[in-house]
Amino acid sequence: MKHSRTDETDEQIAPGDALDGERVSKLRKDIIEDPLFVTDPATKEDATRVPGYASSKSNEAAARMMQSAEFRASHTSAAGNNFIDGFYKNSRLHHLSTWKNELKLLVAEAQERAERLKNISDGFVSPDGEESVSVHKPVSSDGGGVSMRGAVLPKSPSKGKVRLQDEKLETVIMHVDFDCFFVSVGLIDRPQLREQPVVVCHSQGAQGGANSTSEISSANYVARKFGIKAGMSLQQARKLCPSVVTIPYEFEKYKQMSLKLYTILMIHSDDLQAVSVDEALIDVSSGVRQISSEAEDRYHDPAKAFAEMLRKKVRESTGCEVSIGISHNIMLARLATGKAKPAGSFHLRHADLQKFIVHMQVDDLHGFGRATREKALERLGVSTLGELSKKPKSVLCDALGKTTGETLYNAVRGVDNRKLESDKPRKSVSAEINYGIRFEDTDQARAFMFQLSEEVARRLDSIEMRARSITLKLMIRDPNAPVEPPKFMGHGVCTVMNKQAALNASNGRATSDPLVIGQQAWLMLKACNVDPKELRGVGIQLQKLEKAGFSASSGSEKAQRKLTDFNPPKPGVDVGGADEGGAPSEKSDTAQSPSAMPNITLQPPSQEGDIQIVEAPATPTVLTENIPLILPSLSQVDPSTLEELPEDIRSEISKEYRRRRSESLTHSRSTTPARPLSLTDGSVLRVDDEEEVLFQKDTPAKRKTTNKGTPLGRIAQALGPKGSSSISPLKMNIFERAKLAASTSKSSVQHSVNSGSGGKGQPKKSSSVKVSMEELRSLGIDAQVYAALPVDLQLEQLSRARFERSFGKSN
DNA sequence: ATCCTCCCCTAC
DNA sequence: TAAGGTAGGGGAGGAT
């Protein structure tokens with residue numbers, strides 16, 4: 001989903017369309033100069049780019065409502081947890097981020113499945129389900145086993161054929177992107193609105209609008225002809241087109257459509273990089289090669305034919321249009337998408353590059369934005385790609401920085417060597433709210449910090465990670481900005497403040513303890529000496545992440561350290577047990593078996609050098625006894641009380657809260673990134689004991705994070721020499737791989753069913769959708785393809801096929 | 001030279 | 001009413 005200029009550039013005002021051109025131009029000018037054109041600039045610099053912004057007054061409606069204590073208690077940060085939950089549930093940007101994370105997991109999971117199928121077929125997994133040591137086979141002599149899908153193509157022994165092959169092996173990258181995604185999905189069930197100008201925003205109803213500061217997140221092409229764009233407020237849109245129709249967000253639907261898209265793309269691609277809920281990059285080299293070899297000269301442009309086939313499938317599956325940019329690398333494929341839109345595909349060839357880009361601006365390139373363009377203009381005097389392509393590399397580097405300069409230098413020459421990335425390890429986790437932050441006093445601010453800490457901690461837990469470093473981000477109202485900014489409950493012009501500090505549990509290890517995080521965040525906030533009334537935004541980011549269960553603590557050590565990772569579980573949740581004087585315990589590590597429990601306790605290393613920012617925590621003075629066994633809801637606990645507790649007791653309390661949290665995780669709100677969408681509805685899940693296809697799914701925790709050879713790449717390498725007849729194994733797609741794997745050893749596919757354990761005796765969670773072979777056949781689903789899909793996509797495939805069998809194709 | 005920290009920038 | 005989140009890349013400049 002693009003909320004940026006580039007997506008909309010070609011669809012500006014069509015003179016004579018509903019309004020005459022002159023009038024539209026004048027309106028647009030007014031709106032561009034409207035203080036709310038940029039809905040609510042965050043910095044002084046941004047504000048100066050908006051003529052008249054500094055003089056704008058506070059939002060009157062907001063100012064009025066803020067008078068009401070009732071309103072404040074239910075619609076601002078003063079409401080604490082309820083506010084946070086409600087906000088995230090309705091934040092489109094939050095959903096965007098969450099979805100992206102989920103989709104990345106989904107893709108990585110599919111790759112693992114493909115790899116496991118491959119391993120099974122190669123006998124890496126013995127029939128009883130024990131996985132043998134997973135050293136993958138060395139490939140051909142020059143492959144080296146080092147990397148990488150695409151990077152190391154197996155060389156054909158015959159020299160004469162090499163060139164021919166090379167030509168045929170050209171990489172084909174496609175950038176697949178839904179057209180105005182939110183609106184399109186919303187119009188599926190509102191066909192009567194399709195010819196009207198329609199936007200998606202929170203503010204609904206014909207009456208709402210004239211003064212609404214609600215932000216438009218997506219506008220259909222009819223609306224765009226009036227000059228309406230994503231990012232505008234509804235009131236601006238109403239000025240451009242009073243009759244514009246608003247439709248609400250439908251987050252669950254977006255996600256379902258996304259799964260449909262991803263299902264189709266995974267089946268037809270060699271490799272896939274999740275970009276966002278409505279967008280993905282795929283390598284389809286083998287698919288394109290295949291249709292061009294099958295159909296010989298039938299296709300003038302096989303890549304384009306392939307893209308149109310994909311577009312058709314997506315249209316049939318979702319009822320929405322995607323556009324597809326095609327080229328031989330990522331940068332160019334993305335560029336091509338602009339030309340493909342709407343509802344089309346475009347193949348950008350190297351030969352056409354120059355004339356395609358001469359008149360484009362730098363910020364039409366993905367990764368280059370306004371700042372780069374302004375910098376280029378200021379330091380080089382030009383900002384079009386045509387002009388910039390004349391500059392020597394050194395000049396670009398001097399003006400824009402080394403990496404940026406080189407990237408640009410290469411880009412304008414059509415060069416982009418990046419590979420698709422689908423399994424990079426997470427480097428940070430954060431939670432941030434810059435909307436509706438209105439504290440009345442210190443207590444509210446403190447309570448909020450602890451609640452936000454719970455939120456980040458939950459996210460960290462859900463990916464089974466711990467952190468060693470924390471950054472507090474504050475947005476503080478600029479003294480000149482109105483107390484209520486123009487945008488309803490917005491942040492207005494602010495100064496931003498960042499503070500970083502070490503984050504350690506009492507034992508010196510990385511942590512995901514919400515109380516440790518909250519304590520640290522609160523101390524940092526206090527150290528910033530900010531009037532809580534002036535706060536307009538708060539964020540907590542955690543970095544220096546480590547996998548839970550290992551404390552490969554920074555630097556040397558110390559095999560023993562690892563042993564102490566496991567702390568003896570106390571019998572029951574006995575808070576009093578904490579004062580036995582043992583080492584303060586972090587939460588116990590359920591991943592390890594109790595029998596491995598060591599009887600060793602190391603002293604936690606000194607932390608003194610690690611604390612960077614703040615004053616020492618208040619000395620615990622009270623309440624070492626009398627901790628209630630029945631804890632109130634965490635949001636009701638006075639954080640200042642918790643703060644006073646000794647660390648070990650806090651740790652115990654924290655453990656209990658976390659236990660509760662994980663219990664409630666299953667029915668927590670849908671944005672919890674713990675598990676991707678489950679489409680499970682009893683009717684979909686059917687077990688047939690006779691003949692079932694069932695495959696495991698690793699938990700994210702088990703996923704290796706090395707990127708030395710992605711799963712798909714390794715499969716390809718393992719297939720190496722023998723597979724290389726007509727289709728390069730490296731380019732074999734999931735479909736082919738799964739097929740080959742299954743045909744090589746059909747029985748082991750089924751035997752793998754209950755192989756619950758992986759290499760190191762750790763229990764491996766697994767899940768899959770059971771279905772009979774017979775039904776798969778009757779539904780026209782290829783069992784091997786089905787097997788390679790992650791469970792979510794299995795569900796998606798299955799329910800769709802069943803639906804279509806019963807009711808015919810929708811749409 | 002190479003790293004780290006504290007930003008800014010970009011994308012969806 | 002309205003829901004301005006989040007993660008990663010990279011540059012500047014200081015520490016090592």
Side-chain angles (χ1 to χ4, degrees), chain A residues 1-4 6-7 38-43 45-46 59-62 64-66 71 75-76 83-101 103-104 177 181 201-205 207-209 211-215 217-218 230-231 233-234 249 274-279 334 363 365-375 397 400-407 421 424-437 455-456 459 469 471 473 475 485 487-492 494 496-500 536-537 539-541 543-544 612 671 673:
Chain A
M1 163 133 0
K2 286 240 180 189
H3 290 196
S4 66
T6 45
D7 192 35
V38 170
T39 319
D40 198 11
T43 65
E45 293 74 39
D46 282 345
N59 183 307
E60 282 176 31
R64 200 175 332 114
M65 298 187 152
M66 284 295 290
F71 174 85
H75 293 82
T76 72
F83 171 74
I84 295 180
D85 286 352
F87 172 73
Y88 278 132
K89 211 171 83 195
N90 289 295
S91 161
R92 75 188 196 283
L93 291 171
H94 169 73
H95 278 94
L96 244 32
S97 289
T98 309
W99 289 328
K100 178 167 184 171
N101 285 332
L103 289 167
K104 280 160 115 180
D177 191 354
F181 184 51
C201 65
H202 281 293
S203 174
Q204 295 300 311
Q207 80 293 354
N211 301 308
S212 170
T213 61
S214 179
E215 202 165 317
S217 79
S218 182
S233 65
L234 182 57
Y249 289 90
V275 176
S276 106
V277 70
D278 71 329
E279 197 181 330
R334 297 192 98 121
D363 51 346
L365 293 176
H366 184 258
F368 296 82
R370 189 189 66 197
T372 320
R373 191 187 64 217
E374 284 171 2
K375 212 186 256 187
C397 289
L400 306 172
K402 189 166 186 305
T403 309
T404 311
E406 274 173 14
T407 307
E421 294 275 8
K424 299 228 278 193
R426 268 290 261 293
K427 291 161 111 176
S428 70
V429 171
S430 64
E432 178 175 352
I433 297 181
N434 303 307
Y435 172 89
I437 301 293
E455 179 67 31
V456 254
R459 296 180 190 181
S469 172
T471 300
K473 181 185 161 190
M475 292 187 72
K487 182 173 165 125
F488 187 80
M489 289 296 116
H491 52 53
C494 286
V496 178
M497 213 170 168
N498 280 286
K499 289 257 175 244
Q500 196 187 30
R536 290 293 177 271
I540 296 175
Q541 184 183 48
Q543 311 103 309
K544 298 195 182 165
Q612 293 173 358
T671 53

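The structure presented is a predicted model; accordingly, all values stated were derived computationally and were not measured. To find a chain, count down the sequence lines: A is the first, B the second, and so on, and within it residues start at 1.
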Applying a 4.0 Å non-hydrogen cut-off, can you work out what [X] is touching in the nucleic acid: base, sugar-phosphate, or nothing?
X        : result
A:Gly490 : base
A:Ala371 : sugar-phosphate
A:Thr471 : nothing
A:Ala42  : nothing
A:Val496 : nothing
A:Phe71  : base

[N] OP1/OP2 closer than 4.0 Å to side-chain N/O of [X]:
X        : N      : value
A:Ser428 : C:dT6  : no
A:Ser430 : C:dG5  : no
A:Arg459 : C:dT6  : yes
A:Tyr249 : C:dA3  : no
A:His94  : C:dT6  : yes
A:Lys473 : B:dC6  : no
A:Asn434 : C:dG5  : yes
A:Gln500 : B:dC6  : yes
A:Arg370 : B:dC9  : no
A:Thr403 : C:dG10 : no
A:Lys427 : C:dG9  : yes
A:Lys424 : C:dG9  : yes
A:Thr98  : C:dG5  : no

Atom-pair distance ([atom1] on [X]; [atom2] on [N]), nearest Å:
X        : N      : atom1 : atom2 : value
A:Gln204 : C:dA3  : CD    : C1'   : 13 Å
A:Arg334 : B:dT10 : CZ    : C1'   : 11 Å
A:Glu374 : B:dC9  : CD    : P     : 9 Å
A:Lys487 : C:dA2  : NZ    : P     : 9 Å
A:Gln541 : C:dA7  : CD    : P     : 7 Å
A:Met66  : C:dA2  : CE    : P     : 15 Å
A:Arg536 : C:dA2  : CZ    : P     : 18 Å

DNA chain C nearest-nucleotide lookup for A:Ala431 and A:Phe488: closer to the 5′ end is A:Phe488
Of A:His75 and A:Met489, the one whose closest DNA chain C nucleotide lies more 5'
A:His75
Pair A:Arg64, A:Glu60 - check salt bridge (Lys or Arg N to Asp or Glu O under 4.0 Å), show working.
CA-CA 6 Å; A:Arg64 200 175 332 114; A:Glu60 282 176 31; 5.3 Å; no
Holding to side-chain hydrogen bond (donor to acceptor under 3.5 Å, both in side chains), I want the full list of residues that pass it with A:Lys100, two or more places apart in sequence or in another chain.
none
Sorted by chain and residue number, the side-chain hydrogen bond (donor to acceptor under 3.5 Å, both in side chains) partners of A:Thr471 (sequence neighbours excluded) come out as A:Gln543
Can we call the ring centroids of A:His75 and A:Phe83 under 6.0 Å apart?
no
Using the side-chain heavy atoms of [X], tell me which of these nucleotides is nearest: [options].
X        : options              : result
A:Glu432 : C:dT6, C:dA2, B:dT5  : C:dT6
A:Ser91  : C:dT6, C:dA7, C:dA3  : C:dA3
A:Thr404 : C:dG11, C:dA2, C:dT6 : C:dG11
A:Ser214 : C:dA3, C:dG5, C:dG8  : C:dA3

Euclidean distance, A:Lys424 NZ relative to A:Glu421 CD, rounded to 0.5 Å:
4.5 Å
In Å and rounded to the nearest 0.5 Å, what is the OG to CZ distance from A:Ser203 to A:Phe488?
10.5 Å
Would you check if A:His491 and A:Tyr435 make a side-chain contact, meaning some heavy-atom pair closer than 4.5 Å?
no
